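Beneath this line is the structure, given in structure tokens, with notes to follow.
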There are 2 protein chains.
Amino acid sequence: MANLKQLAHSLGLSITTVSRALDGYSDVSAATRARVREAAEAAGYRPNASARRLRKQRAELVAVTLPSDPGHVGPPHFLDMLSGCAEHLAAAGLNLVIAPVPRGVSELEICQRFVDGRRVDAMLLVRTKRKDERVEYLQSRGIPFVTNGRTESLIPHPFIDGDGFAGFRAATLRFHAAGHRRIGHIAGPQEYYFAHVRRRGWQAAMEECGLAADLCAEGAPLEQGGYLAALELLRQPSRPTALVCATDEMAIGALRALREVDGGNQISIVGHDDLPMGAFTSPPLSTMRMTGENLGASFASLLLRAIAGEPAEELQELHAIEFVDRDSHRRPPLAA
Amino acid sequence: MANLKQLAHSLGLSITTVSRALDGYSDVSAATRARVREAAEAAGYRPNASARRLRKQRAELVAVTLPSDPGHVGPPHFLDMLSGCAEHLAAAGLNLVIAPVPRGVSELEICQRFVDGRRVDAMLLVRTKRKDERVEYLQSRGIPFVTNGRTESLIPHPFIDGDGFAGFRAATLRFHAAGHRRIGHIAGPQEYYFAHVRRRGWQAAMEECGLAADLCAEGAPLEQGGYLAALELLRQPSRPTALVCATDEMAIGALRALREVDGGNQISIVGHDDLPMGAFTSPPLSTMRMTGENLGASFASLLLRAIAGEPAEELQELHAIEFVDRDSHRRPPLAA
DNA sequence: AGGGACCTCCAAAACGTTTTGGTTGACTCT
DNA sequence: AGAGTCAACCAAAACGTTTTGGAGGTCCCT
């Protein structure tokens with residue numbers, strides 16, 4: 001309710017002293033400081049955020065772009081990540097704002113709108129593309145940012161990502177070791193870095209094993225996309241006996257295709273993301289997940305360090321992928 | 001890059017005139033206005049948001065509280081709703097900020113933090129409880145807000161909600177009409193309004209049909225909660241032949257219980273939310289959904305009208321529930 | 001007694017807008 | 001010619017902080 005002026009007046013002190021007392025400066029006597037703190041508490045004083053931001057030339061805001069277009073920005077646990085990130089940013093006095101990207105507007109334009117209006121101190125970018133114009137723009141403007149997922153940008157930038165290449169390579173090699181020879185891949189849209197790198201992991205493993213990497217179908221990173229892609233692979237003259245899917249949602253879509261086509265218990269399948277839902281599918285879905293606790297906190301930490309000016313090279317986290325074995329990857333490699 | 005002062009100087013005009021020209025006031029000549037607009041465009045001028053907020057005494061921000069605790073705030077399409085809401089708010093110059101609720105902190109405290117610091121012009125509340133202290137607080141402070149879901153508050157407040165009572169009553173009556181007599185309910189935590197009202201809808205239908213409403217189990221509104229609740233009902237001496245589940249996620253959990261206990265094709269089941277995932281479960285999940293397009297836009301509209309001062313009574317939307325029939329509700333009412 | 005070296009405190013400027021309450025000069029009407 | 005009207009512009013205040021650059025004491029040392 002109160003502002004600094006009223007508080008100062010009621011205490012018989014100057015605005016300066018009250019302000020500095022509350023901020024803990026040493027040029028205020030301990031007695032005064034205590035008195036001020038008490039009065040501020042009693043009056044329920046909270047500094048006016050706009051005034052502080054204006055004076056300090058900081059927005060105290062970090063924006064995350066959220067495409068509203070495809071009806072889906074990321075895996076369902078994405079919101080938990082955002083929430084965790086916002087929580088840790090809040091501890092540093094920063095708030096997380098949603099920068100929605102309306103249909104027909106590019107993500108780049110939204111970035112510009114926030115950055116040029118000095119509305120944010122930093123940005124969080126999700127669903128990076130291999131060649132991501134947002135990254136290029138932010139780099140050119142020198143705005144701190146962190147991406148969820150790498151890009152092919154030549155200039156290094158802060159990111160957190162899972163080692164999709166290694167994960168998908170390992171998953172494919174594991175199927176090979178179990179006797180599978182026709183191992184298919186259900187890929188996400190290849191302009192996304194995560195989708196591309198997962199596909200390359202599968203492909204590399206196939207080539208290492210001397211197998212043709214030809215059983216690959218691409219779809220939207222949703223259940224429906226996985227369903228259609230699986231149907232396509234199952235129509236091949238020589239069906240896959242195992243499927244490595246870019247995401248759990250695609251894998252769950254593929255599971256339905258398997259049920260429809262072969263009863264659902266012939267072909268091995270593995271996804272990625274460790275959706276809670278995966279434990280409840282039929283059969284329970286084997287999957288992979290990025291290691292590391294509390295992703296949101298990591299993003300917040302990187303953002304703060306980027307704002308503090310740490311060089312990009314020190315703000316890159318590549319996490320290992322681990323398997324979450326349930327049931328769906330255990331089908332024997334029978335010819336269909 | 002530039003601010004008003006520099007722009008005014010370069011044009012040989014006063015700050016006032018430039019400001020008013022850009023805002024389209026009529027006391028600036030058309031010629032001057034054009035000249036100013038052109039110069040502003042060329043200089044890439046964007047008004048400093050903090051300065052405007054300070055002067056106008058508006059935060060240009062709306063906060064939505066997101067509990068980070070249960071690992072789950074709402075159905076997966078919740079993020080789409082937020083994104084849509086943010087998009088429509090942005091058109092009115094408002095941004096949506098995430099107000100995370102850390103473990104151990106009450107949602108009320110977070111509300112206070114945002115409201116007392118005048119950091120927001122309005123709030124969006126999700127997952128309302130029957131008796132929701134956030135609602136009481138915001139009402140007492142006279143801060144505009146809209147809730148997703150009703151409450152039992154005696155003072156009316158703006159909300160958008162589905163008519164869960166009617167929906168669950170209708171679903172139960174439909175099972176009755178199909179010959180079912182032992183119709184169970186898998187309920188969400190009863191402190192949430194949505195969970196309570198859905199249960200009451202089921203209960204009312206049972207009583208109308210002269211049946212005992214005793215086959216009810218409660219769980220967390222997640223797959224695991226539905227799974228455990230279903231297991232509990234299936235252990236009853238007289239098993240249900242149909243299940244009405246508070247959410248799709250619970251229904252998907254229950255589906256697994258059914259598969260484990262009776263092979264999964266004996267008992268009818270219906271959920272609520274119309275998750276995309278539901279089309280890919282085994283069997284495909286019949287469900288219900290709230291009618292109405294673009295929920296996010298509706299929230300944004302209500303928020304703007306609440307900020308504009310419209311009375312709460314005119315800002316209440318209760319949407320009908322419609323069935324989404326897939327397959328899981330069609331099992332015959334056989335005795336188990 | 002004079003000069004530092006603190007310790008407390010404060011007036012005023014600054015941040016970049018928006019808005020209030022004008023002023024100036026040209027034109028019109030009687 | 002004087003009064004009134006209007007269009008076009010502007011100086012200054014205000015929003016509530018933080019920070020700069022002191023000012024006035026007190027105490028100690030020589």
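Everything numeric in this text was worked out from a predicted model, so none of it was measured. The sequence lines fix the lettering, A, B, ..., with proteins before strands; numbering per chain opens at 1.
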**Message:** Using a 4.0 Å heavy-atom cut-off, does A:Arg20 contact any base of the nucleic acid, only the sugar-phosphate backbone, or nothing at all?
**Reply:** base
**Touch class at under 4.0 angstrom, heavy-atom based, for B:Asn48 against every strand present** = sugar-phosphate
**Asked** Less than 3.5 Å between a donor and an acceptor, one on the side chain of B:Thr16 and one on the base of D:dA11, is that the case here?
**Response** yes
**Message:** Rounded to whole Å, please give me the gap between OH in B:Tyr25 and P in D:dC10.
**Reply:** 17 Å
**Request:** Please name all residues satisfying salt bridge (Lys or Arg N to Asp or Glu O under 4.0 Å) with A:Arg119, sequence neighbours left out, ordered by chain then number.
**Result:** none
**Prompt:** Looking for any heavy atom pair under 4.0 Å, which part of the strands does B:Thr32 touch: base, sugar-phosphate only, or nothing?
**Reply:** sugar-phosphate
**Message:** What verdict does the salt bridge (Lys or Arg N to Asp or Glu O under 4.0 Å) test give for A:Lys131 and A:Glu152, after you've listed the backbone C-alpha separation in whole Å, the side-chain angles of each residue and the deciding distance to 0.1 Å?
**Reply:** CA-CA 6 Å; A:Lys131 180 165 158 45; A:Glu152 292 177 354; over 6 Å; no
**Message:** Just to be sure I understand the rule, does A:Leu13 reach a base, reach only the sugar-phosphate, or reach nothing, if contact means heavy atoms closer than 4.0 Å?
**Reply:** sugar-phosphate
**Request:** Would you mind telling me which residue lines up with the more 5' stretch of DNA chain C, A:Ser14 or B:Ala51, judged by nearest nucleotide?
**Result:** A:Ser14
**Check: B:Ser301/B:His88 side-chain N/O donor and acceptor closer than 3.5 Å** = no
**Asked** Is there a side-chain contact between A:Ser50 and B:Arg52 (heavy atoms, below 4.5 Å)?
**Response** no
**Asked** Which nucleotide span of DNA chain C, 5' end to 3' end, has atoms closer than 4.0 Å to non-hydrogen atoms of chain A?
**Response** C:dT8 to C:dG16
**Message:** Five pairs per end, C1' atoms only: what is the angle between the end axes of the helix from C:dA1-D:dT30 to C:dT30-D:dA1, to 10 degrees?
**Reply:** 60°
